[in-house]
Amino acid sequence: MPNLKDIRKRIDSVKSTQKITRAMKMIAAARLRRAQDAIMNTRPYAYRIDGLIKGLSEVLDAYQHPMMIPREEVKKVGLIVLTGDRGLCGAFNGSILRTTDARLAKEWAGKDVELSLIGRRAIDYYKKRSVNVAHIYPDAYTGESRFEEADAISRQVSHDFENGKIDELWVLYNEFKSAISQKVVLEKLVPIVPAEDAEAVIYKEYLYEPERKDILNDLVPQHLSIQIYRCLLESSASEHAARMTAMDGATRNAGEMIDRLTLKYNRARQAAITTELMEIIGGAEALKG
């Protein structure tokens with residue numbers, strides 16, 4: 001027969017866990033609202049500057065910014081991998097790491113791939129594996145200075161591209177769709193290829209002040225910084241959404257477990273009472289005999 005004290009302890013333990021998961025869900029929901037507002041405010045500007053770059057690149061001009069010129073042969077690939085700093089967020093981190101491993105093993109097999117890792121989960125994961133880690137950014141999600149972090153990352157990876165250390169630059173992150181939906185996205189950053197849904201504006205009929213070359217030299221670095229910043233915000237919002245969903249499921253599962261354990265406890269208690277009554281009745285009958 002189950003020990004009533006042990007069942008009682010398990011019920012109390014699950015109730016304590018349920019309080020923690022419920023609190024984590026509420027915290028994630030509050031952070032998600034702020035992160036969602038940030039990404040929704042950033043996307044229009046990021047897509048618009050992407051369209052502006054496309055418009056400038058379509059002008060029949062001899063000058064192209066170095067980061068807009070594709071290499072004849074791609075031998076070296078740079079990949080920025082965005083994960084979170086913590087777990088307890090469902091498949092958020094695991095899906096990114098699995099996709100990265102699949103890319104390294106299949107599509108980019110035989111190429112020299114340099115990883116730039118953002119988030120402690122990616123850093124800890126690839127620390128134990130034989131891969132080429134060029135840069136790590138463990139504090140990209142901390143504080144309110146994410147654009148400064150994105151700008152620093154942009155300068156470093158653009159320096160690698162312009163100096164021939166890499167021939168392409170990609171970023172792998174979770175795109176925020178909704179509170180219950182996040183999508184793993186692999187996106188090319190350099191050479192600059194505008195997003196398919198970017199609003200392309202053609203400026204062929206315009207005169208430039210300053211010169212088109214000066215505009216591109218100023219705008220292209222900004223473009224890369226804002227795209228990396230957008231990816232950071234997408235990943236942050238996705239992480240909070242995934243954690244909120246995971247903690248909501250954990251809270252419900254804890255409630256169901258408490259119900260099952262309570263039923264088990266009541267049955268065991270009833271069985272113990274029945275056994276005691278049978279023993280008392282049996283003893284009384286023995287005394288009569």
Side-chain angles (χ1 to χ4, degrees), residues 46 50 53-54 57 64-85 91-141 149-175 182-198 216 220-232 234-235 238-239:
D50 199 32
I53 289 286
K54 182 177 180 180
S57 67
Q64 291 288 341
H65 191 277
M67 292 171 61
M68 302 173 70
I69 303 174
R71 303 285 164 82
E72 293 182 1
E73 185 178 3
V74 178
K75 295 181 178 180
K76 303 175 183 178
V77 177
L79 176 63
I80 302 175
V81 181
L82 277 75
T83 63
D85 289 335
F92 173 80
N93 293 312
S95 58
I96 290 290
L97 298 175
R98 285 192 298 272
T99 303
T100 303
D101 288 342
R103 276 276 168 178
L104 294 176
K106 297 178 182 178
E107 287 86 346
W108 290 329
K111 293 183 179 180
D112 184 10
V113 182
E114 291 187 353
L115 300 182
S116 297
L117 306 178
I118 299 177
R120 296 186 184 277
R121 288 290 167 169
I123 295 171
D124 293 341
Y125 180 80
Y126 285 108
K127 188 186 297 183
K128 305 173 184 177
R129 286 160 175 79
S130 57
V131 295
N132 184 7
V133 177
H135 310 291
I136 61 172
Y137 307 98
D139 301 318
Y141 290 112
E149 288 285 344
D151 192 50
I153 296 169
S154 171
R155 290 196 301 270
Q156 196 161 45
V157 294
S158 60
H159 178 269
D160 290 345
F161 180 80
E162 292 174 357
N163 286 275
K165 291 184 179 180
I166 56 175
D167 299 320
E168 285 183 348
L169 176 65
W170 296 74
V171 61
L172 182 65
Y173 65 99
N174 274 290
E175 183 182 28
Q182 302 85 42
K183 178 184 177 183
V184 176
V185 173
L186 181 66
E187 183 178 318
K188 182 188 285 187
L189 294 178
V190 180
I192 293 175
V193 178
E196 293 180 0
D197 57 348
L216 281 175
V220 168
Q222 291 186 40
H223 172 269
L224 184 58
S225 295
I226 196 64
Q227 298 308 325
I228 293 176
Y229 178 59
R230 176 183 61 82
C231 293
L232 280 172
E234 296 272 8
S235 181
S238 297
E239 181 182 2

Do E168 and K188 pass the salt bridge (charged side-chain N to carboxylate O under 4.0 Å, His left out) test, and can you show the C-alpha distance, the side-chain angles, and the key distance before you say yes or no?
CA-CA 8 Å; E168 285 183 348; K188 182 188 285 187; 3.3 Å; yes

When you look at W170 and V190, which way does the side chain to side chain contact (heavy atoms under 4.5 Å, CB included) test go after all the steps?
CA-CA 7 Å; W170 296 74; V190 180; over 6 Å; no

Apply the test side chain to side chain contact (heavy atoms under 4.5 Å, CB included) to residues E187 and R230: give CA-CA distance (whole Å), side-chain angles for both, the deciding distance (0.1 Å), then the verdict.
CA-CA 12 Å; E187 183 178 318; R230 176 183 61 82; 2.9 Å; yes

The test is side chain to side chain contact (heavy atoms under 4.5 Å, CB included); show your working for M68 and L216 and say whether it passes.
CA-CA 10 Å; M68 302 173 70; L216 281 175; 3.9 Å; yes

Assess whether side chain to side chain contact (heavy atoms under 4.5 Å, CB included) is satisfied between N132 and V113, documenting all intermediate values.
CA-CA 7 Å; N132 184 7; V113 182; over 6 Å; no

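Residues A140 and I118 come closest through the heavy atom pair CB-CG2, 3.6 Å. Closest approach of V171 to C231, counting heavy atoms only: CG1-SG, 3.9 Å. Between A150 and L232, the shortest heavy-atom contact is CB-CD1, 4.0 Å. Contact detail for K76 and G164: the closest heavy-atom pair is NZ-O, 3.7 Å. In terms of heavy atoms, R120 sits closest to D85 at N-OD1, 3.0 Å. Heavy-atom minimum distance, F161 versus P66: CE2-O, 3.4 Å.
The distance from atom OG of S158 to atom CD1 of I153, rounded to the nearest 0.5 Å, is 11.5 Å. Taking CG of L189 as the start and CD1 of I80 as the end, the distance is 5.5 Å to the nearest 0.5 Å. With values rounded to the nearest 0.5 angstrom, L169 atom CG is found 8.0 Å from L79 atom CG.
Side chain of N163 to backbone of H159: a donor-acceptor contact under 3.5 angstrom is found. For S235 (side chain) and Y173 (main-chain N/O), no donor-acceptor pair under 3.5 Å exists by modelled atom type. Using modelled atom types, no side-chain atom of D167 and backbone atom of V77 make a donor-acceptor pair closer than 3.5 Å.
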Let me have the donor-acceptor pairs involving side chains of residues 93-106, under 3.5 Å, with sequence neighbours excluded, atom names and distances please.
residue: N93; atom: OD1; partner: G84; partner atom: N; Å: 2.8
residue: N93; atom: ND2; partner: R86; partner atom: O; Å: 3.1
residue: S95; atom: OG; partner: A91; partner atom: O; Å: 2.9
residue: S95; atom: OG; partner: F92; partner atom: O; Å: 3.1
residue: T99; atom: OG1; partner: S95; partner atom: O; Å: 2.7
residue: T100; atom: OG1; partner: I96; partner atom: O; Å: 2.9
residue: D101; atom: OD1; partner: Y126; partner atom: OH; Å: 2.9
residue: D101; atom: OD2; partner: Y125; partner atom: OH; Å: 2.5

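K111 is not listed as a side-chain neighbour of K75, based on a closest heavy-atom distance of 4.5 Å or more. L117 places none of its side-chain heavy atoms less than 4.5 Å from the side chain of L82. Between Q227 and D50 there is a side-chain heavy-atom pair separated by less than 4.5 Å. Looking at S116 and V157, their side chains come closer than 4.5 Å, going by heavy atoms from C-beta outward.
Within 6.0 Å of atom NZ in K183, 12 or fewer heavy atoms from other residues, nucleotides or ligands are found, so the atom counts as exposed in its surroundings.
For D151 and S225, the side-chain atoms include at least one donor-acceptor pair closer than 3.5 Å. Counted by atom type alone, E149 and Y229 present zero donor-acceptor pairs between their side chains at under 3.5 Å.
Ion pairing of K165 with E114 is absent here, as no side-chain N (NZ or NE/NH1/NH2) approaches a carboxylate O to less than 4.0 Å.
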